Amino acid sequence: MKLILLGAPGAGKGTVAKLLTKMDGSVQISTGDILRAAVAAGSDLGKQAKAAMDAGDLVSDDLIMGIMGERLKEDDCKNGYLLDGFPRTIPQAEALKVLLADMGEELDAVVNIDVPRDVILDRLTTRRTCSDCGEIYNVKSNPPKEEGKCDKCGGPVVQRDDETVEVISNRLEVYNEMTAPLAGFYDKEGMLLTVEATSSDAVIDAIKAKLAS
Ligand code: AMP
């Protein structure tokens, strides 16, 4: 399957993507994960992205399209992909359309995961992430078995630098201004599936129903 997962930070895109990869061998492509790995490695890309990421602002469209233009051509994309956190602006969506047309590919759907703001704020401030493998935990509802240590790979489970209350507020504002208009963009293209859901299972069920129809 080839899907875009739209939704505010904390809507559960990453969790849903990870569950979907287990269904059919599609890969999760998270631009946020790619950028965080680049920052951790201290690469040029990481250096260019860090300041915007720390402030909760968006990295430039050119930088993101450079990453995605390469990533979508890699071999593991042949079985499908779940785009998590990309596209995030109308210019990125337009550039993606051209890129996919050049590659002779079509998306199956764009899933907009719609979650109330209070749920999102609570989730983001209590979310913890493994800095080695990206596994997501929650201090209230799904803590690692041993505090601060990933159940899967043993890596450090930490609060992301951009998950403080101030940065989260900015990320939500940036989302409303720059990314929320993508729902209208994809609706016009006839590809939008909006799921109002607070559980990942409900989102998965809606996606399965849409793909079967
Ligand atoms: P995420 O993990 O998807 O919330 O992304 C973390 C941060 O990486 C965002 O707050 C942005 O600074 C940056 N980022 C990730 N994806 C994109 C994108 N498609 N366009 C611009 N910036 C992005």
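Both counts, for ligands and for their atoms, begin at 1 and track the order of listing. Reckoned from all heavy atoms, side chains included, excluding hydrogens, waters and symmetry mates. It should be emphasised that the depicted structure is a prediction, and the values quoted were computed from it without experimental measurement.
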Legend entry - Nearest-neighbour protein heavy atom for atom 22 (N) of ligand 1, which is reported as residue plus atom name and distance: Val59 N, 3.1 Å

Legend entry - Non-hydrogen side-chain atoms of Thr31 and Asp84 separated by less than 4.5 Å: no

Legend entry - Per-atom contacts, ligand 1 versus Arg160 - under 4.0 Å to a heavy atom: 1 (P), 2 (O), 4 (O), 6 (C)

Inset, instruction - Among all protein heavy atoms, pick the one closest to atom 16 (N) of ligand 1 and tell me residue, atom and distance. - result: Thr31 OG1, 2.8 Å

Legend entry - Contacting atoms of ligand 1, where contact means under 4.0 angstrom from a heavy atom of Gly85: 16 (N), 17 (C), 18 (C), 19 (N)

Inset, instruction - Could you tell me which non-hydrogen atom of Thr15 sits nearest to which non-hydrogen atom of Ser200, and how far apart they are? - result: CG2-OG, 3.9 Å

Inset, instruction - Using heavy-atom distances, let me know which of Met53, Met65, Glu163 sits nearest atom 8 (O) of ligand 1. - result: Met53

Inset, instruction - Could you tell me whether Glu196 atom CD has more than 12 heavy atoms of other residues or ligands within 6.0 Å of it? - result: no

Inset, instruction - Please report which non-hydrogen protein atom sits nearest to atom 11 (C) of ligand 1, along with the residue it belongs to and the distance in Å to one decimal place. - result: Asp57 O, 3.4 Å

Inset, instruction - Tell me which protein heavy atom sits closest to atom 9 (C) of ligand 1, plus the residue, atom name and distance to 0.1 Å. - result: Arg88 NH2, 3.6 Å

Inset, instruction - Provide the closest heavy-atom pair for Gln28 versus Ala17 in the form atom of the first, atom of the second, distance. - result: CG-CB, 3.7 Å

Legend entry - Over all atoms of both residues, closest heavy-atom pair of Ala11 and Val115: O-CG2, 3.6 Å

Legend entry - For ligand 1, the portion of Leu58 having any non-hydrogen atom under 4.0 Å away: both

Legend entry - Glu177 atom CD: more than 12 heavy-atom contacts under 6.0 Å: no

Inset, instruction - Check whether any heavy atom of Met68 sits under 4.0 Å from an atom of ligand 1. - result: no

Legend entry - Shortest protein heavy-atom distance from atom 20 (N) of ligand 1, along with the residue and atom involved: Gln92 NE2, 2.9 Å

Legend entry - Protein contact of atom 13 (C) of ligand 1 - nearest heavy atom, named by residue and atom, plus distance: Leu35 CD1, 3.6 Å

Inset, instruction - Determine whether the side chain, the backbone, both or neither of Ile64 has a heavy atom under 4.0 Å from any heavy atom of ligand 1. - result: side chain

Inset, instruction - Run the contact test for Arg36 against ligand 1 with a 4.0 Å cut-off on heavy atoms, strictly below, and give the result. - result: yes

Legend entry - Heavy-atom neighbours of Lys149 NZ exceed 12 at 6.0 Å: no

Legend entry - Non-hydrogen atoms of Tyr186 and Ala93 that approach each other most closely: OH-CB, 3.4 Å

